[in-house]
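See below for the structure under consideration.
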Amino acid sequence: MATIFQKLSTPERRDLWLARFYYFSFMGGWGFLFPFLNLFYVDIGLNGTQIGTIASTGAIVGLVAAPIWANEVKKRSHPRRFLQAAMLFSALFYILIGQQTAFLPILFFAALQSTSGAGILPMADSMAVSVAQANQQGYGGIRLWGSLGWIMAVPFSGWLIERFGFSAGFWGISAALAIGASLLFFIHPQWFASPESGGRPKGGLRLAVRRVLSDRTLLGFAVALIFVGFLNSGVLQFENVFLYDLGATKQLISIAGILSAIVELPFMLFADRIIHRYGAHRLMFAALFINIFLRLAVLTLPAIPTIMAVRFIGGVSFSLYTVSFVGLISERTEPHERGTVLALYTVTIAGLVSIVASPVAGIIFDVIGARWLYAFSATGYVIAAVSMWMTRPRKA
């Protein structure tokens, strides 16, 4: 017991555990709502096109907001406050979305939520990478705690929603974000700041774009992300609706929501070890190929057991993808530009793609149903794998 307290008394070690608890809260808290959000939209009468429009509008707003968050963080000597503010405002807007029953009010509050939420993940991941490196550990060792939180939140939320309605999910994610924002008070401010914090921002998003264009591997990754984001959008939006249409209950959907996360727990750590041996690029390449197989499996045999099995196996590919995503960018950028480049990939590129992909996927869902969305998704992963292969690091 004394040894444990002694380790926690080390500032770096203490912050490592706080970062883990932070991911457990804020990312695990997503499990209260994300598996059920589109079911909520369908339940109040929205169609696939309207659901896609909400996602597209959020992407447009996030696209504008993300560079503002990134630039403001670089200007400030205490950027932690911006992450906390983003989380608290996001929590408030989730509550307001849950109280609406019509398309236009939901669209308005979803846009506000996207404004506040656009900066959360880049700032959080940048902090997590810094804390992990200070402790000579990998990002996956922190990120897996988000999966652990998800495993606990999703079935609990499914139980709550079955008994108290969808509002329970909105209050759950809001409470988790508020707890996560509170935990940040205890993490040392140095992990949130880039080397140039407190001074004038150097280049911002424009510098990040130039950095990507000058690196063939990062450019190939950007192309891969564009095709995956566009062609996989339908599956991400409507798979749980597809499950519901096939006869799954909300409780079964909540179980499906944690199958991947159960596998992620050991594989996040395993991915950390693989990335040191083989590199982030090879890890990403493997994840893409696994996803091709999984999408084709559901396309060939569209049934609840197939989707459940795919969700379970998908935990492997998701772990490899998540760790290699952050690892690939971290390997090929300097610490002072890491946060902005992460924002470029997670918000700007993803947002630009989502602006077009979300409503298109909604229209396809309305016209031909969910099954053929898996064919589009598999095609996206194939193109992404080709792009990553053609732009692989020269020593790989």
Between [X] and [Y], is any pair of side-chain heavy atoms under 4.5 Å apart?
X    : Y    : result
F108 : F93  : no
L46  : I44  : yes
Y345 : L328 : no
M87  : I120 : yes
V263 : I313 : no
I51  : F238 : yes
I275 : E331 : yes
F34  : S157 : no

I'd like to know if the side chain of [X] pairs up with that of [Y] as donor and acceptor (distance under 3.5 Å, no hydrogens or angles considered).
X    : Y    : answer
S147 : R143 : yes
S260 : R311 : no
N38  : Y244 : no

Nearest non-hydrogen partners of [X] and [Y], listed with the distance:
X    : Y    : value
M27  : G146 : CB-CA, 4.0 Å
P155 : I258 : CD-CG2, 3.4 Å
A19  : M127 : CB-SD, 4.2 Å
A297 : V310 : CB-CG2, 4.2 Å
L296 : A378 : CD2-CB, 3.8 Å
A134 : E12  : CB-CG, 4.3 Å

For the pair [X] (side chain) and [Y] (backbone), establish whether a donor and an acceptor sit closer than 3.5 Å, ignoring hydrogens and angles.
X    : Y    : answer
R371 : L299 : yes
T249 : L252 : yes
S174 : F170 : yes
Y139 : S330 : no
T57  : T53  : yes
N135 : V131 : yes
S254 : Q251 : yes
S25  : Y22  : no
T391 : S387 : yes
T379 : A375 : yes

Treat each ILVMFWY residue as a node, draw an edge where side-chain heavy atoms are under 4.5 Å apart, and state whether [X] and [Y] are in one component.
X    : Y    : result
I173 : W171 : no
F109 : L107 : yes
Y374 : M308 : yes
I290 : L236 : no
L184 : L88  : no

Which distance, rounded to the nearest 0.5 Å, do you find between the [atom1] of [X] and the [atom2] of [Y]?
X    : Y    : atom1 : atom2 : result
E239 : L246 : CD    : CG    : 10.0 Å
L218 : H281 : CG    : NE2   : 10.0 Å
I368 : I364 : CD1   : CD1   : 6.0 Å
L18  : F186 : CG    : CZ    : 8.0 Å
F267 : T322 : CZ    : OG1   : 13.5 Å
L112 : L96  : CG    : CG    : 8.5 Å

Share the residues that join M390 in a hydrophobic cluster, the rule being Ile, Leu, Val, Met, Phe, Trp or Tyr side chains under 4.5 Å apart at the heavy-atom level.
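Grouped by the 4.5 Å side-chain rule, V386 form the rest of the cluster around M390.
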Give a yes or no on this: more than 12 heavy atoms of other residues, nucleotides or ligands lie within 6.0 Å of atom OH of Y321.
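More than 12 within 6.0 Å, yes.
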Tell me if the CZ atom of R163 is crowded by more than 12 foreign heavy atoms within 6.0 Å.
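Counting other residues, nucleotides and ligands, CZ of R163 exceeds 12 neighbours.
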Pair F365, V241 - check side chain to side chain contact (heavy atoms under 4.5 Å, CB included), show working.
CA-CA 10 Å; F365 173 77; V241 178; 3.7 Å; yes
Are N291 and S317 close enough, and set up right, to give a side chain to side chain contact (heavy atoms under 4.5 Å, CB included), and what steps lead you there?
CA-CA 7 Å; N291 282 327; S317 61; 2.9 Å; yes
F376/F230 under side chain to side chain contact (heavy atoms under 4.5 Å, CB included): CA gap, chis, key distance, verdict
CA-CA 9 Å; F376 288 100; F230 187 86; over 6 Å; no
Please lay out, stage by stage, how F285 and F289 fare under the test ring pair (Phe, Tyr, Trp, His ring centres under 6.0 Å).
CA-CA 7 Å; F285 198 69; F289 261 93; 5.2 Å; yes
Step by step, work out the side chain to side chain contact (heavy atoms under 4.5 Å, CB included) result for W191 and R80.
CA-CA 9 Å; W191 309 122; R80 176 178 60 186; over 6 Å; no
So, applying side-chain contact (heavy atoms from CB on, under 4.5 Å) with I253, which one of L243, I304, V154 is it?
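Going through the options one by one, the only one that passes is L243.
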Apply ring pair (Phe, Tyr, Trp, His ring centres under 6.0 Å) to residues F325 and F221 and explain how you reach the verdict.
CA-CA 9 Å; F325 187 110; F221 182 38; 5.1 Å; yes
Given F40 and F36, is the ring pair (Phe, Tyr, Trp, His ring centres under 6.0 Å) satisfied, shown in steps?
CA-CA 6 Å; F40 166 71; F36 311 101; over 10 Å; no
Sequence neighbours excluded, every pair satisfying side chain to side chain donor-acceptor pair (under 3.5 Å) that has a member inside residues 358-368:
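Residue pairs passing side chain to side chain donor-acceptor pair (under 3.5 Å), neighbours aside: T49-D366, S354-S358.
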Taking side chain to side chain donor-acceptor pair (under 3.5 Å) as the cut-off, I'd like each qualifying pair that reaches into residues 93-120, sequence neighbours left out, listed once.
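Listed once each, the pairs are S90-Q113, Y94-Q113.
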What do you reckon, are the aromatic ring centroids of W145 and W150 less than 6.0 Å apart?
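No, the ring centres sit 6.0 Å or more apart.
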